Structure formats: C-alpha cells, structure tokens
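Just below is one structure, and these are the notes that go with it.
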Amino acid sequence: MLALAWGAGAAVVLAVVFLLSAITKLASPAAWRAQAAGLGVPPWLAAPVPYAEAVLGAWLLVQWQRPVAAWVAVAVLVAFTGLLVVRLAQGQRPPCACFGSWSTTPIGPGHVARNTAFLALAVFAALA
C-alpha cells in the first residue's frame, strides 16, 4: 500500500514537470520554436511537443492507468535525453528549451543528470 502511494506521488511530481514544461513553451511559442530549432528539432516535430506534454502531464496527474502513463513518460524522457546526449556528443550546446523561455542555459551534463532523475521517477511511478 505504501509503494502505491509513493508511486502516485512520483506520478504527481512528473505531472507537474510536464505541465510546467508545456505551459512555459505555450506562453512563448516563438522562443520555443527558436530553441527547438537550435536543438535541431524540425518544426513539424516541435510544434506538437507542448500539447503532448500537457496531455501527458494531465494524464499523470489524474492517475488514470498510471503505469501506462508513466511508461509513456519514460519513452518521452528517453527521447528528450537522447537528443541532449547526441547534441553534447556533437559538441553543440544550444539552450535547453526544456522549460521554454525559462531554459536559456546551454545544455550540459546537468541536464542529462536531471532527465536521468526524472526517468528514474517515471520508472518508479510505472512499477509501484
């Protein structure tokens, strides 16, 4: 029973992260598009990201089919983290764009570490 509560809490934390990320991108769409382009994300792929994050955040928040939502979060975080790792391996350090206009710091190992922590949280939310 305690693991279930901890899993629900982990899902809520992830929900806040995804919702905050979506809101900051939607609040400044031009900045989001420019930052996404700087990361090498094509416009057709960048455009739906904030909406997908909002849906995923809401899904995690309401706890409906929490393990499925958490595994979707794992997949999204793996994709985001993979992009960061590829750019760093290429020697590129554009702004993160992770939280829209709030994310102006160039990407670095700290971003990868943060995403790894979010990944661990998502796996825990899926399995608890």
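All values below were derived from every heavy atom in this structure, side-chain atoms included, with hydrogens, water molecules and symmetry-related copies excluded. This structure is a prediction, so every number in the text was calculated from the model and none was measured.
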Taking C-beta and beyond as the side chain, do [X] and [Y] meet within less than 4.5 Å on heavy atoms?
| X | Y | answer |
| --- | --- | --- |
| R66 | W59 | no |
| F118 | V13 | no |
| L26 | W32 | no |

Test of understanding: with side chain to side chain contact (heavy atoms under 4.5 Å, CB included), list the residues that count as partners of [X], not counting sequence neighbours.
| X | answer |
| --- | --- |
| V41 | A36, L39, L45, A46, L83 |
| A122 | L14, A73, V74, L77 |
| V112 | T81, L84, V85, L88, T116 |
| A10 | L121, F124, A125 |

Linking I/L/V/M/F/W/Y whenever their side-chain heavy atoms sit closer than 4.5 Å, directly or via other members, would [X] and [Y] fall into one cluster?
| X | Y | result |
| --- | --- | --- |
| V17 | V68 | yes |
| W64 | L60 | yes |
| I23 | V76 | no |
| V78 | V123 | yes |

Notebook entry, point to check: If you look only at pairs with a residue in residues 71-128, which of them pass as a disulfide bond (SG atoms under 2.5 Å apart), with sequence neighbours excluded?
Noted result: C96-C98
Notebook entry, point to check: So which pairs with a foot in residues 8-48 pass disulfide bond (SG atoms under 2.5 Å apart), sequence neighbours left out?
Noted result: none
Next item on the list: Examine distances only and state if a side-chain atom of R93 and a backbone atom of I107 form a donor-acceptor pair shorter than 3.5 Å.
Entry: yes
Check: Minimum heavy-atom separation for A22 to P50, with atom names?
Finding: CB-O, 3.2 Å
Check: Which heavy-atom pair separates G7 from A128 by the least distance, and what is that distance?
Finding: CA-CB, 3.6 Å
Checklist line | Inter- and intrachain pairs under side chain to side chain donor-acceptor pair (under 3.5 Å), touching residues 34-51, at least two apart | finding: none
Next item on the list: Quick one: name the residues clustered hydrophobically with V12, using the 4.5 Å side-chain heavy-atom rule over I, L, V, M, F, W, Y, and just say none if it's on its own.
Entry: L19, L61
Check: Sequence neighbours excluded, which residues qualify as side chain to side chain donor-acceptor pair (under 3.5 Å) partners of E53?
Finding: S21, K25
Margin query: Listing request: all salt bridge (Lys or Arg N to Asp or Glu O under 4.0 Å) pairs with a residue in residues 116-128, at least two apart in sequence or in separate chains.
Written below: none
Note to self: According to salt bridge (Lys or Arg N to Asp or Glu O under 4.0 Å), does anything in residues 105-122 pair up with another residue at least two apart or in another chain? List the pairs.
What the structure shows: none
Check: Between Q92 and V86, is a side-chain contact (heavy atoms from CB on, under 4.5 Å) present by the stated rule, with each step listed?
Finding: CA-CA 9 Å; Q92 299 176 10; V86 166; over 6 Å; no
Next item on the list: Take V49 and F80 through the side-chain contact (heavy atoms from CB on, under 4.5 Å) test and state the conclusion after the steps.
Entry: CA-CA 11 Å; V49 166; F80 289 170; 4.2 Å; yes
